[in-house]
J.: 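Quick one: the structure is below, and I'll ask about it shortly.
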Amino acid sequence: MPAVSRHYSLYILFTLVLALHIGAWGQLRDARARWINVPPAPSEAGAALFALGDAQLAYRGIGVMLQNLGDTGGMSSAFARYDYDELAHWFMLADTLDSHANFVPFLAAFYFGAAQTPDKLEPLTLYLHKIGSRTEGEKWRWLAHAIYLRRFKMNDLDTAYQWAQELATMDKPDMPYWTKQMPAFILNAQGDKRAAYDILVQMLKSGKGKMPREEVNAITAYICDQILDATQAANDSLCQSRE
Amino acid sequence: MSWPLVRYVLTAAIRDRLVMAVIIALILSASLSVFLGSAAITEKTSFAVVFAGSGLRLAGVLGLVLFTVFFIRRSFDARDVEFLLSRPVSRVEFLLSYAAGLSVLALGMTLAQGLCLYILNPQAFSAGHIAWIVSMAAENVIMANTALFFAMILSSAATAAMAVTGFYVLARLMGQMLGIIDSTGQYKLVYQVMEYIIQGISAVMPRLDLMGQTSWLIYDFGAPENLGAILTQGAVFAVMIVLASLIDLVRRQF
């Protein structure tokens, strides 16, 4: 007897199970794992354990995770949904793993800092203030960003002025002259937009050759897309020269 | 030590296509790291180098451990060991030759890992990179000889491979465990006993967490100050684990 007819019932059963599986696939086709917001940050030891004791690998792993948080599998989430208090815990954790890198401060300032809900930004600015208060390298730029966010996004003039004083009196001879003028910028009466524009343009000019290309692009995009409207951007030389 | 036996181990590595598998694994690790690094919005090179360092490290250790364990178990199962010991080769000579052959493989693996890192970012090659390569050589030699030890004392290849993996994870995490013990004062007797047990275990484990640190690859701090102590401890452990394998072999009844 041929093998096919001998196992006839087996083939029918297999076809039925296959059809059942395709039916189940149809039910689950559009199902997605739900993003339940920023997960709780582990301890420093817990994060390093995750990377088999390699703190630098843990830092980079957390960096990639934060960059893609809420935006995986074709989904995207508005910043308004993010738990910024928990995000700040992740930022602080990353800082304990590597205090020299600028990846997480960059994410905090230019990515998460773009939130349209200013009331959420306080923990993020406190983090940038902490990082920017260090005298190492160009870390002071993160303090300048924290001041910018406090003054122009959160309208917290008092804290922005206090931090601007800290920046102006920082003992770092190689900082550009405009950082000494930061308190005056903050109290500037010529309008928020103009002052914000001036601060970011000064950052770009003084950071020439020192800032990575991505940061220059991020600041330029910020000026052209968020501070200036379409007409102003079309007439602005900085925005015209952008790629 | 018997040079033909060392050559026998190296020939087995080529015959088992370990060299080819390792080359493919290292190329894949490095390529995947570049891909992952390029997805970062800034510091792309740092990401690629850190992921490559970690990936190459893991791929290298896995390759060495799996080859060693399965090679040794197969040698026992096929009665190769008994045949070789029936020749004019002492048990001491036999084991030291195997350990030397596996150590040569480990050093070759390290050179390949170092070359991959160099190719990734030749401009940034620094004293930190050399420290990474030297300490990885120590780690690879330790892991190859530890795999030899577990393959000698455990009769199943799968069990031996799992035991070596457990050992590797524990050795990589030991620094964190000691840090946790030092940072938390536990006054209950049960916790104190557990702390002593962990400290006791750590005293006979190599500190693999101090070797091959990826931060050496991206920050040019120069060679770490305690590199000499790290390598000395690694060398002492490698000798200790080879001696342990030797004790097992000389006591074994064939």
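Throughout, protein chains are lettered first and strands after them, A, B, ... in sequence-line order, and every chain is numbered starting at 1. All values below were derived from every heavy atom in this structure, side-chain atoms included, with hydrogens, water molecules and symmetry-related copies excluded.
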J.: Quick check against the 3.5 Å criterion: does K44(B) have a side-chain atom that pairs as donor or acceptor with the backbone of A40(B)?
T.: yes
J.: More than 12 heavy atoms of other residues, nucleotides or ligands under 6.0 Å from CE of M194(B): is that the case?
T.: no
J.: Does the separation of the ring centres of F167(B) and F237(B) fall below 6.0 angstrom?
T.: yes
J.: Working note: V50(B) + Q56(A), criterion side chain to side chain contact (heavy atoms under 4.5 Å, CB included); need CA distance, chi angles, decisive distance, verdict.
T.: CA-CA 7 Å; V50(B) 169; Q56(A) 186 56 231; 3.6 Å; yes
J.: Can you name the residues of residues 133-144 of chain B that have some heavy atom under 4.5 Å away from a heavy atom in chain A?
T.: none
J.: Chain A heavy atoms under 4.5 Å from A39(B): which part of the residue, side chain, backbone, both or neither?
T.: backbone
J.: Within the 3.5 Å criterion, strictly below it, is a donor on S206(A) or W178(A) matched to an acceptor on the partner's side chain?
T.: yes
J.: Specify the closest pair of heavy atoms between W216(B) and S126(B), including all atoms of both residues, with the distance to one decimal.
T.: O-OG, 4.4 Å
J.: Only heavy atoms, only distances under 4.5 angstrom. Which residues in residues 97-108 of chain A are near chain B?
T.: D98(A), H100(A), A101(A), N102(A), F103(A), F106(A), L107(A)
J.: Can you give me the closest heavy-atom contact between Y84(A) and A115(A), atom names plus distance?
T.: OH-CB, 3.3 Å
J.: Could you check N155(A), L121(A), L128(A), L126(A) and say which one makes a side chain to side chain contact (heavy atoms under 4.5 Å, CB included) with R150(A)?
T.: L126(A)
J.: First locate atom CD1 of I201(B), then atom CD1 of I198(B), and finally report the distance between them rounded to the nearest 0.5 Å.
T.: 5.0 Å
J.: Please classify the contact of L217(B) with chain A as side chain, backbone, both or neither, using a heavy-atom distance under 4.5 Å.
T.: neither
J.: Which residue in the set L111(B), L117(B), T110(B), L115(B) passes side chain to side chain contact (heavy atoms under 4.5 Å, CB included) when paired with Q113(B)?
T.: T110(B)
